[in-house]
Visitor: 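This is the structure I have questions about; it appears just below.
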2 protein chains.
Amino acid sequence: MTEKTAAVQANGGTRIQREKRAAILEAGLTVFAEAGFRGATLDRIASEAGLSKPNLLYYFPSKEAIYEALLQELLETWLDPLKALNPSGDPVGELLSYVMRKLEMARDFPRESRLFANEILAGAPAMLPVLEGELRTLVDHTAAVIDGWVAEGRLAKIDARHLLFSIWAQTQHYADFDTQVRAVMGKADFDGAAAHLDLLFRRVLTP
Amino acid sequence: MTEKTAAVQANGGTRIQREKRAAILEAGLTVFAEAGFRGATLDRIASEAGLSKPNLLYYFPSKEAIYEALLQELLETWLDPLKALNPSGDPVGELLSYVMRKLEMARDFPRESRLFANEILAGAPAMLPVLEGELRTLVDHTAAVIDGWVAEGRLAKIDARHLLFSIWAQTQHYADFDTQVRAVMGKADFDGAAAHLDLLFRRVLTP
DNA sequence: TTCCGATTTGACCAATCGGTCAAAACAACG
DNA sequence: CGTTGTTTTGACCGATTGGTCAAATCGGAA
């Protein structure tokens, strides 16, 4: 049992193992988000993480392994805010604070947003099963909650699923298309975006 | 003057030259949209266009040349609908038909939308000057028109630039994140999207 | 038919890619 | 100190990449 000690232990391991694995994931996030899966190179990830390429491959068996570890980690972070929707809260307030949480994520974790965007743009080769499974289930559940709110008259009539797309599209836009936003506005202007989206969704959702 | 005959003549040329160049651009659009600039290979573009790689390089001097030709061509198509906004028309109607035109483009030209998304996601290495120049100017002009409408009270109060982002984000979402939309909805549902966006922007824009 | 420029191709090249491997360096513990 | 297992690395590999080039083929005008 002397072989592949580090590589096999995906979770846990010694302090140094956890640190190096974390550094690799951190570097991988930067590079994959910027260049996509195919555009990213092991050499760049290794150098960004402060390691040699063979040393990197001592901790992860392949480029794909790094990528998939990142996607898996990403998904929880990504779905959490949606799960935080409280069906017994104030509908408009719940949805507005979901929008704000999403916008904050676009501001604070733009690499995660771009990683996700790259994966979906490429046709979700590594995430399709999760999209069709976990995500779809969660969306179905959330749509039922929203439909309930609409039926009770506490929310303006609206298609629940397309409403979610509207929220995702607009919040992630500020991370994924940041370059375009900066080119047009001169600056990132997340505060302006927050005010705008609050106003927009208030008009859309208030009964 | 016997050298580089075809390659030099970017526009015009013989019938066969125009046809082959068009076939290459068509193939390049498919491949670049699917794989991004770095992910695309000349071999794939050539085979998709029905040519050998050296033959492809007879019509375009490099991979970058194909990519840049596509981006340039794309830009006109992309900005045209915005230019079609009629300042003396009905504000809500003008903006709604802009939204619909954009949504139709996402439905009918998804490859163009994804090509653009890939370029921006990668930091717009080849488009930044255009974004900061032509696009910004056009946005400034359009924002002035929208601000005028708001000032006249013919449009609900709203930030013009962020409104444009809202329109772009939501319409392009149906092309760029098509995979996700399909995974969640089971189908693409552009009709549902059209109804939803009409309703959404009507609520947002009507004074 | 002949000729000449336009077009096409097979063979090839240097660089880069993801990944391997054996040996070296290191760390911890007796 | 020596031993043992962990970590790191330089050298290397086959495959793929973007791109070149000389030679072959094609096509139309005279």
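Here is the naming used below: chain letters follow the sequence lines, and residue numbers restart at 1 for every chain.
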Visitor: Extract from the structure each pairing of a protein N or O with an N or O of nucleotides 15-17 of chain D at less than 3.5 Å, listing the distance.
Guide:
none

Visitor: Without decimals, in angstroms, what is the distance between Arg21(B) CZ and dA6(C) P?
Guide: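 Interatomic distance, CZ of Arg21(B) to P of dA6(C): 16 Å.
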
Visitor: Got a sec, which pairs hit side-chain hydrogen bond (donor to acceptor under 3.5 Å, both in side chains) with one end in residues 69-78 of chain B, sequence neighbours left out?
Guide: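 The answer is none; no pair qualifies.
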
Visitor: Can you tell which of dT7(D), dT9(C), dT20(C) lies closest to the side chain of Pro54(A)?
Guide: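 For Pro54(A), the side-chain atoms sit closest to dT20(C).
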
Visitor: Can you find a pair of side-chain heavy atoms, one from Pro125(A) and one from Glu119(A), that are under 4.5 Å apart?
Guide: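 Contact flag for Pro125(A)/Glu119(A) side chains = yes.
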
Visitor: If I take atom CG in residue Leu56(B) and atom P in nucleotide dT20(D), what distance separates them, rounded to the nearest angstrom?
Guide: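 Rounding to the nearest Å, CG of Leu56(B) and P of dT20(D) are 12 Å apart.
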
Visitor: I'd like to check the salt bridge (charged side-chain N to carboxylate O under 4.0 Å, His left out) partners of Arg101(A); sequence neighbours left out, ordered by chain and number.
Guide: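 Not a single residue meets the salt bridge (charged side-chain N to carboxylate O under 4.0 Å, His left out) criterion with Arg101(A).
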
Visitor: Rounded to whole Å, how long is the line connecting atom CZ of Phe60(B) with atom P of dG18(D)?
Guide: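 Interatomic distance, CZ of Phe60(B) to P of dG18(D): 16 Å.
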
Visitor: Would you mind writing out the side-chain donor-acceptor pairs for residues 159-168 of chain B within the sub-3.5 Å range, not counting sequence neighbours?
Guide:
| residue | atom | partner | partner atom | Å |
| --- | --- | --- | --- | --- |
| Asp159(B) | OD1 | Arg161(B) | N | 3.0 |
| Asp159(B) | OD1 | His162(B) | N | 2.9 |
| Arg161(B) | NH1 | Asp140(B) | OD1 | 2.6 |
| His162(B) | ND1 | Tyr174(A) | OH | 2.6 |
| His162(B) | NE2 | Asp189(A) | OD2 | 2.9 |
| Ser166(B) | OG | Gln170(A) | OE1 | 2.6 |
| Ser166(B) | OG | His196(A) | NE2 | 2.7 |
| Ser166(B) | OG | His162(B) | O | 3.2 |
| Trp168(B) | NE1 | Tyr98(B) | OH | 2.8 |

Visitor: Tell me every residue that passes side chain to side chain contact (heavy atoms under 4.5 Å, CB included) with Ser52(B), counting only those two or more places apart in sequence or in another chain.
Guide: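 Partners of Ser52(B) under the side chain to side chain contact (heavy atoms under 4.5 Å, CB included) test: Pro54(B), Asn55(B).
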
Visitor: Return the set of residues passing side chain to side chain donor-acceptor pair (under 3.5 Å) with Thr142(A) (not counting sequence neighbours), or none when no residue passes.
Guide: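 Scan of Thr142(A) (side chain to side chain donor-acceptor pair (under 3.5 Å), adjacent residues dropped) gives none.
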
Visitor: Show every ring-ring contact (aromatic ring centres under 6.0 Å, His included) that has at least one partner inside residues 32-53 of chain B, sequence neighbours left out.
Guide: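 Found Phe32(B)-Phe37(B), Phe32(B)-Tyr67(B), Phe37(B)-Tyr67(B).
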
Visitor: Between Arg38(B) and Arg38(A) (side chain of the first, backbone of the second, donor and acceptor by atom type, cut-off under 3.5 Å), is there such a pair?
Guide: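 No, Arg38(B) side chain to Arg38(A) backbone: no donor-acceptor pair under 3.5 Å.
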
Visitor: Examine dT8(C): is either OP1 or OP2 under 4.0 Å from a nitrogen or oxygen in the side chain of Tyr58(B)? Give yes or no.
Guide: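 For Tyr58(B), the contact criterion (side-chain N or O under 4.0 Å from OP1 or OP2 of dT8(C)) is not met.
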
Visitor: Side chain of Asn55(A), heavy atoms from C-beta onward: which of dT7(C), dT7(D), dC21(C) has the nearest atom to it?
Guide: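 Output: dT7(D).
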
Visitor: Ala69(A): what forms a side chain to side chain contact (heavy atoms under 4.5 Å, CB included) with it, not counting sequence neighbours?
Guide: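 With sequence neighbours excluded, Ala69(A) shows a side chain to side chain contact (heavy atoms under 4.5 Å, CB included) to Leu25(A), Phe60(A), given in chain and number order.
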
Visitor: Considering only side-chain heavy atoms of Leu57(B), which listed nucleotide, dT6(D), dT20(D), dG19(C), is closest?
Guide: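 Given the options dT6(D), dT20(D), dG19(C), the side chain of Leu57(B) is closest to dT20(D).
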
Visitor: Rounded to the Å, how far apart are Lys20(B) NZ and dA6(C) C1'?
Guide: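 Rounded to whole Å, this separation is 11 Å.
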
Visitor: Rounded to whole angstrom units, what separation is found between the CG atom of Leu51(B) and the C1' atom of dG10(C)?
Guide: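 Roughly 15 Å, once rounded to whole Å.
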
Visitor: What is the per-nucleotide protein-contact pattern of nucleotides 23-29 of chain C, from the 5' end, where B denotes a base atom under 4.0 Å from a protein heavy atom, S denotes such proximity for sugar-phosphate atoms only, and - denotes neither?
Guide: -------

Visitor: Think Gln17(A) has a side-chain N or O under 4.0 angstrom from the OP1 or OP2 of dT7(D)?
Guide: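 Checking Gln17(A) against dT7(D): at least one side-chain N or O falls below 4.0 Å of OP1 or OP2.
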
Visitor: Roughly how many Å is it from OH in Tyr67(A) to P in dG18(C), rounded to a whole number?
Guide: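 Interatomic distance, OH of Tyr67(A) to P of dG18(C): 14 Å.
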
